[in-house]
Amino acid sequence: DEGGSIHVSTTLAEGQVLFEIEDDGPGVAAELCERVFELGYSTKKSEQPVGLGLTIGRKIARDYGGDLTMGSAPDDGGRQILSLPQVSG
């Protein structure tokens, strides 16, 4: 509610295009970074709706030869990385 910041960057590494999104929000505990991709799992309070975005996003990325990962530490913000294969055209 107080606002915050988001930093987005792109990198080309080993035939993959990396989209990195970092924020200064509350973050997610390291032990939960993999669980957030489980269907039906949520770090939200129980009365809030459960989203499917991360689960679906990772599935799509992997279907196209990439991945979606998350790294974070409490009070240190979040970091999500979407990697997709580089396509020459």
Side-chain angles (χ1 to χ4, degrees):
D1 293 335
E2 297 175 13
S5 64
I6 295 175
H7 180 260
V8 179
S9 64
T10 57
T11 308
L12 182 60
E14 299 179 18
Q16 295 279 314
V17 180
L18 305 177
F19 301 88
E20 297 184 49
I21 300 96
E22 297 178 345
D23 65 51
D24 61 359
V28 175
E31 63 271 12
L32 299 179
C33 284
E34 224 15 70
R35 290 213 57 205
V36 298
F37 295 103
E38 294 175 11
L39 187 60
Y41 182 80
S42 178
T43 59
K44 297 177 182 179
K45 296 176 183 171
S46 62
E47 66 272 4
Q48 293 180 312
V50 176
L52 300 173
L54 290 174
T55 304
I56 293 169
R58 178 179 260 185
K59 169 86 170 94
I60 292 169
R62 288 181 171 177
D63 285 350
Y64 284 92
D67 203 358
L68 178 59
T69 60
M70 176 180 285
S72 183
D75 301 321
D76 197 27
R79 181 175 185 224
Q80 296 78 40
I81 301 173
L82 171 63
S83 62
L84 294 171
Q86 178 185 4
V87 178
S88 302

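Count residues from 1 along the sequence. Computed from a prediction, not measured in an experiment: that's the story for all the values here.
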Student: Compare every heavy atom of Gly66 with every heavy atom of Pro85, then report the nearest pair and how far apart it is.
Tutor: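 Between these two residues, the closest heavy atoms are CD-N, 4.1 Å.
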Student: Let me confirm one number: the CG-CD1 distance from Leu84 to Ile60, rounded to the nearest 0.5 Å.
Tutor: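 Here the rounded value is 10.5 Å.
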Student: Going hydrophobic residue to hydrophobic residue with side-chain gaps under 4.5 angstrom, can you get from Val8 over to Ile81?
Tutor: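 Different clusters.
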Student: Quick check for you: to the nearest 0.5 Å, what is the distance between Lys59 atom NZ and Leu52 atom CG?
Tutor: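 Lys59 NZ to Leu52 CG: 14.0 Å, rounded to 0.5 Å.
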Student: Between the main-chain N or O of Leu18 and the side-chain N or O of Thr11, is there a donor-acceptor pair closer than 3.5 Å?
Tutor: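 Absent.
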Student: What distance separates Thr10 OG1 from Leu82 CG, expressed to the nearest 0.5 Å?
Tutor: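 Going from the OG1 atom of Thr10 to the CG atom of Leu82 covers 11.5 Å.
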Student: Has Asp24 got a side-chain atom pairing as donor or acceptor with Gly4's backbone, closer than 3.5 angstrom?
Tutor: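 No, because the side chain of Asp24 does not come within donor-acceptor range (under 3.5 Å) of the backbone of Gly4.
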Student: More than 12 heavy atoms of other residues, nucleotides or ligands under 6.0 Å from CD of Glu14: is that the case?
Tutor: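 Count not over threshold, so no.
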Student: Are any of the side-chain heavy atoms of His7 and Ser5 separated by less than 4.5 Å?
Tutor: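 A side-chain contact under 4.5 Å is absent here.
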Student: What I'd like to find out is whether the side chain of Arg58 reaches to under 4.5 Å of the side chain of Thr69, using heavy atoms alone.
Tutor: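 Yes. Closest side-chain heavy atoms under 4.5 Å.
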Student: Is Met70 reachable from Leu32 through a run of I, L, V, M, F, W or Y residues, each pair having side-chain heavy atoms under 4.5 Å apart?
Tutor: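 Yes, because Leu32 and Met70 connect within a single hydrophobic cluster, where side-chain heavy atoms sit under 4.5 Å apart.
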Student: Is any side-chain heavy atom of Arg79 closer than 4.5 Å to one of Ile21?
Tutor: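 In short, these two side chains do not touch, never coming nearer than 4.5 Å.
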Student: Taking the side chain from Thr55 and the backbone from Phe37, do they hold a donor-acceptor pair closer than 3.5 Å?
Tutor: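 Yes; judged by distance alone, with no hydrogens or angles, the pair exists.
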